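Notes follow once the structure below has been shown.
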Amino acid sequence: MASSGDSTILHADLDAFYASVEQLLDPSLRGLPIAVGGGVVLAASYEARAYGVAAGMPGWRARALCPDIRFVGGHFGEYQRRADQVVDVFHDFTPRVERISIDEAFLDVSGAVHLFGPPGAIGAAIRRRVREETGLPLSVGVARTKHLAKVASQVAKPDGLVVVEPGGERAFLAPLPVGLVWGVGPATQLRLHQSGIQTIGQLAAAGSPLLESLLGPANGSKLARLAADVDRRRVDAPERARSIGAQAALGRRRVDRELVRETLGYLTDRVAGRMRASRRAARTVTVRVRFTGLRSVTRGATLARPSSATLTLTETAVELAGRALADHPAEREITLLAVSLSNLRDEECLQPELPWGRQARAQAARWGVDRTVDAIRTKFGRGAVGYATVVFSGVDRVPEGFRELAEH
DNA sequence: TCTGGGGTCCTAGGACCC
DNA sequence: TCTGGGGTCCTAGGACCC
């Protein structure tokens with residue numbers, strides 16, 4: 001029985017995943033700069049990355065950087081299918097697989113060395129099998145901790161394997177840029193650079209007190225632990241979600257109450273349905289309104305009791321959006337609306353409504369309508385039935401396949 | 001001339017309670 | 001005479017991740 005200090009963690013990360021699948025499906029795309037997406041780059045092939053194209057970049061900028069870039073994609077079902085195939089391979093080596101996104105997972109292979117040899121050999125064997133069975137390039141990092149395994153897989157990219165031997169952790173981390181630390185994004189990186197901290201070695205040397213004064217107590221101490229390699233998180237099954245949300249980009253639309261009502265109705269309907277499918281109810285509703293120039297505001301409200309009723313949640317969302325808009329009368333156009341449900345409770349645990357009173361009866365009726373709609377949709381599909389403004393709403397411009405993928 | 005959708009966590013101020 | 005401290009919940013905003 002290995003102690004936690006002896007655990008061996010493997011981080012596996014599919015390279016340029018969506019783009020790699022597209023190049024497999026259409027061999028004429030191999031070796032070419034391609035991007036998956038349209039308005040925004042969801043994934044870029046390594047050939048495109050050589051031009052500076054990166055995920056999250058607006059499509060027009062990608063075209064400016066790389067005029068020959070080809071935009072392809074939309075094979076969402078294929079992405080999911082192949083990613084599942086890869087995870088099946090992982091399970092042949094260990095039952096302890098923590099999937100953290102469609103193209104990434106942690107594996108605890110501490111107990112697998114007796115069967116498959118040293119950690120490096122396991123990493124190599126997994127990479128080989130994934131390549132043979134799916135055609136996809138996979139990068140793997142191996143180390144004693146999750147954080148270090150993840151850093152190692154980033155160093156291994158593209159299509160490589162990096163093993164950090166026990167005892168070599170600090171030396172491995174020291175020269176690497178701070179941006180490789182999990183949780184260091186552009187804002188934190190800028191602040192660290194301004195303090196003369198460029199490498200993870202310098203980050204570790206800075207120490208917790210300085211980092212806490214720079215970045216706040218929680219972020220500072222967490223970063224100090226990661227840089228000093230004393231983080232010991234285990235590989236676990238993912239926890240249940242703490243919030244469920246949906247958003248819709250609208251282009252540039254003049255502020256219009258009816259548009260807001262329809263869009264929020266549509267979004268809340270989707271989100272509430274997903275929540276009911278996982279048998280939960282929400283106490284907090286949050287609405288985000290984004291204006292031009294990426295200026296955005298959020299308004300939230302916590303209900304006296306949890307609800308899973310589409311109508312109740314929609315009314316709350318619409319009211320919150322009204323407040324947000326009223327607080328910003330100078331804004332003439334909105335570009336995005338988002339709804340999020342949080343403070344989630346298991347529905348079975350809810351206090352049953354008292355069987356009398358008009359309000360209780362109304363709630364019971366809403367509950368019944370939602371269940372009926374859910375059941376019909378399960379049988380006949382989303383478009384079969386719904387509230388009128390939702391059914392006829394024209395905001396569903398993003399491919400449904402992508403939504404389902406994102407929801408997975 | 002600012003681009004998708006789905007999430008997590010942290011901070012900070014205010015209300016309220018003891 | 002408004003002085004002390006601690007805890008919880010709510011709200012708004014922001015950073016970050018895939």
Side-chain angles (χ1 to χ4, degrees), chain A residues 11 13-14 16-18 35-43 53-64 71 73-74 76 79 83 99-105 147 150 153-154 179-192 212 215-223 238-252 267 270-271 274-275 283-304 320 323-324 327-328 333 335-344 395-408:
Chain A
H11 181 254
D13 198 338
L14 289 157
F17 177 53
Y18 300 162
V36 175
V40 67
V41 175
L42 299 173
V53 177
M57 184 178 277
W60 61 265
R61 246 193 94 197
R63 289 191 177 86
F71 273 83
F76 301 103
Y79 304 157
R99 199 171 181 176
I100 53 179
S101 71
I102 188 167
D103 59 351
E104 235 182 299
H147 174 248
K150 168 122 177 147
S153 75
Q154 303 313 298
L180 283 182
V181 175
W182 208 86
V184 175
T188 305
Q189 202 170 335
L190 181 64
R191 287 167 101 164
L192 292 173
E212 284 179 43
L215 308 167
N219 289 324
S221 63
K222 189 183 88 184
L223 227 58
E239 290 171 17
R240 302 192 76 186
R242 301 194 171 185
S243 66
I244 299 177
Q247 61 183 58
L250 303 170
R252 295 172 72 127
L267 291 172
R270 293 172 46 86
V271 154
R274 279 162 57 200
M275 183 173 67
R283 274 199 67 207
T284 303
V285 181
T286 306
V287 167
R288 186 160 66 98
V289 182
R290 197 180 72 189
F291 304 105
T292 49
L294 295 183
R295 291 182 297 275
S296 73
V297 292
T298 59
R299 289 293 178 273
T302 299
L303 309 172
L320 288 167
R323 257 196 264 163
D327 289 343
H328 295 268
E333 292 175 318
T335 60
L336 177 141
L337 286 167
V339 177
S340 172
L341 306 176
S342 55
N343 236 326
L344 304 178
V395 299
D396 193 1
R397 301 180 303 124
V398 174
E400 192 66 25
F402 180 50
R403 287 216 155 99
E404 284 166 10
L405 192 64
E407 286 168 11
H408 187 84

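Just so it is clear, the model here is predicted, and its values are computed rather than measured. Here is the naming used below: chain letters follow the sequence lines, and residue numbers restart at 1 for every chain.
- With a 4.5 Å cut-off on side-chain heavy atoms, A:Val289 and A:Leu337 count as touching.
- In this structure A:Ala55 satisfies the side chain to side chain contact (heavy atoms under 4.5 Å, CB included) test with no other residue, sequence neighbours excluded.
- Distance alone, capped at 3.5 Å, is enough to place a donor-acceptor pair between the A:Arg274 side chain and the A:Gly245 backbone.
- Ring planes of A:Tyr79 and A:Tyr18: parallel class, angle under 30° (limits at 30 and 60°).
- Secondary-structure annotation of DNA chain C gives the stems B:5-18 with C:5-18, with a stem taken as at least 3 successive Watson-Crick or G-U pairs whose two distances both fall under 3.5 Å.
- Side-chain contact, A:Thr302 with A:Thr284: a donor N or O sits under 3.5 Å from an acceptor N or O.
- When rounded to the nearest whole Å, the span between CZ of A:Phe17 and P of C:dC18 equals 15 Å.
- Of the candidate nucleotides B:dG6, B:dG5, B:dG7, B:dG7 has the atom nearest to the side chain of A:Ser243.
- Residues A:Val285 and A:Leu320 meet the side-chain proximity criterion, which asks for heavy atoms closer than 4.5 Å.
- Protein atom CG of A:Leu336 is 8 Å distant from nucleotide atom P of B:dG4, rounded to whole Å.
- Phosphate contact (OP1/OP2 of C:dC18, side-chain N/O of A:Arg99, threshold under 4.0 Å): absent.
- Atom P of nucleotide B:dG6 and atom CG of A:Asp103 are separated by 17 Å, given to the nearest angstrom.
- Here B:dG4 presents its C1' atom at 12 Å from CG of A:Leu294, a figure rounded to the nearest Å.
- Atom-to-atom, CZ of A:Arg288 to C1' of B:dT3 comes out at 12 Å; the value is rounded to the nearest Å.
- Along DNA chain B, the nucleotide nearest to A:Leu215 and the one nearest to A:Val40 differ in position, and the one closer to the 5' end is contacted by A:Val40.
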For this session: Begin from the C-alpha positions of A:Leu223 and A:Leu215 and carry the test side-chain contact (heavy atoms from CB on, under 4.5 Å) through to its verdict.
Result: CA-CA 9 Å; A:Leu223 227 58; A:Leu215 308 167; 3.6 Å; yes
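- Of the two residues contacting DNA chain B, namely A:Gly293 and A:Ile244, the nearest-nucleotide position lying further toward the 5' end is that of A:Gly293.
- Remark: A:Arg242 pairs with A:Glu239 by the side chain to side chain donor-acceptor pair (under 3.5 Å) rule, at least two apart or across chains.
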Between the protein and nucleotides 15-17 of chain C, which nitrogen or oxygen pairs come in under 3.5 angstrom?
unit_1: C:dC16; atom_1: OP1; unit_2: A:Gly185; atom_2: N; d: 3.1
unit_1: C:dC16; atom_1: OP1; unit_2: A:Gly185; atom_2: O; d: 3.2
unit_1: C:dC16; atom_1: OP1; unit_2: A:Ala187; atom_2: N; d: 3.3
unit_1: C:dC16; atom_1: OP1; unit_2: A:Thr188; atom_2: N; d: 2.5
unit_1: C:dC16; atom_1: OP1; unit_2: A:Thr188; atom_2: OG1; d: 2.5
unit_1: C:dC16; atom_1: OP2; unit_2: A:Pro186; atom_2: N; d: 3.4
unit_1: C:dC16; atom_1: OP2; unit_2: A:Ala187; atom_2: N; d: 2.8
unit_1: C:dC16; atom_1: O5'; unit_2: A:Gly185; atom_2: N; d: 3.4
unit_1: C:dC17; atom_1: OP1; unit_2: A:Gly183; atom_2: N; d: 3.0
unit_1: C:dC17; atom_1: OP1; unit_2: A:Val184; atom_2: N; d: 3.3
unit_1: C:dC17; atom_1: OP1; unit_2: A:Val184; atom_2: O; d: 3.3

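- Residue A:Ala55 is classed as having no contact, given no heavy-atom separation below 4.0 Å to the nucleic acid.
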Listing time: all N or O pairs from protein to nucleotides 8-11 of chain C that are below 3.5 Å?
unit_1: C:dC10; atom_1: OP1; unit_2: A:Arg283; atom_2: NH1; d: 3.1
unit_1: C:dC10; atom_1: OP1; unit_2: A:Arg283; atom_2: NH2; d: 3.0
unit_1: C:dT11; atom_1: OP1; unit_2: A:Thr302; atom_2: N; d: 3.4
unit_1: C:dT11; atom_1: OP2; unit_2: A:Thr302; atom_2: N; d: 3.1
unit_1: C:dT11; atom_1: OP2; unit_2: A:Thr302; atom_2: OG1; d: 2.4

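- The interatomic distance linking A:Arg270 (CZ) with B:dG4 (C1') rounds to 13 Å, in whole Å.
- Atom OH of A:Tyr79 and atom C1' of B:dG4 are 14 Å apart (whole Å).
- No side-chain heavy atom of A:Asn343 sits less than 4.5 Å from a side-chain heavy atom of A:Leu303.
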For this session: Start with the C-alpha distance between A:Phe17 and A:Glu104, add both sets of side-chain angles, then the distance that settles side-chain contact (heavy atoms from CB on, under 4.5 Å), and finish with yes or no.
Result: CA-CA 10 Å; A:Phe17 177 53; A:Glu104 235 182 299; over 6 Å; no
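- A:Ala246 comes within 4.0 angstrom of the backbone, heavy atoms only, and of no base.
- Across all strands, A:Arg252 comes closer than 4.0 Å only to sugar-phosphate atoms, never to a base (heavy-atom distances).
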Exercise. Should A:His147 and A:Val181 be marked as a side-chain contact (heavy atoms from CB on, under 4.5 Å) after you check the CA-CA gap, both sets of side-chain angles, and the distance that decides it?
Worked result: CA-CA 8 Å; A:His147 174 248; A:Val181 175; 3.8 Å; yes
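- Using a 4.0 Å heavy-atom cutoff across all strands shown, A:Gly59 reaches no nucleic acid atom at all.
- Remark: A:Asp13 engages A:Gln154 in a side chain to side chain donor-acceptor pair (under 3.5 Å) (not counting sequence neighbours).
- Counting non-hydrogen atoms under 4.0 angstrom, A:Ile100 reaches nothing in the nucleic acid.
- The OH atom of A:Tyr18 sits 16 Å away from the P atom of B:dG4 (whole-angstrom rounding).
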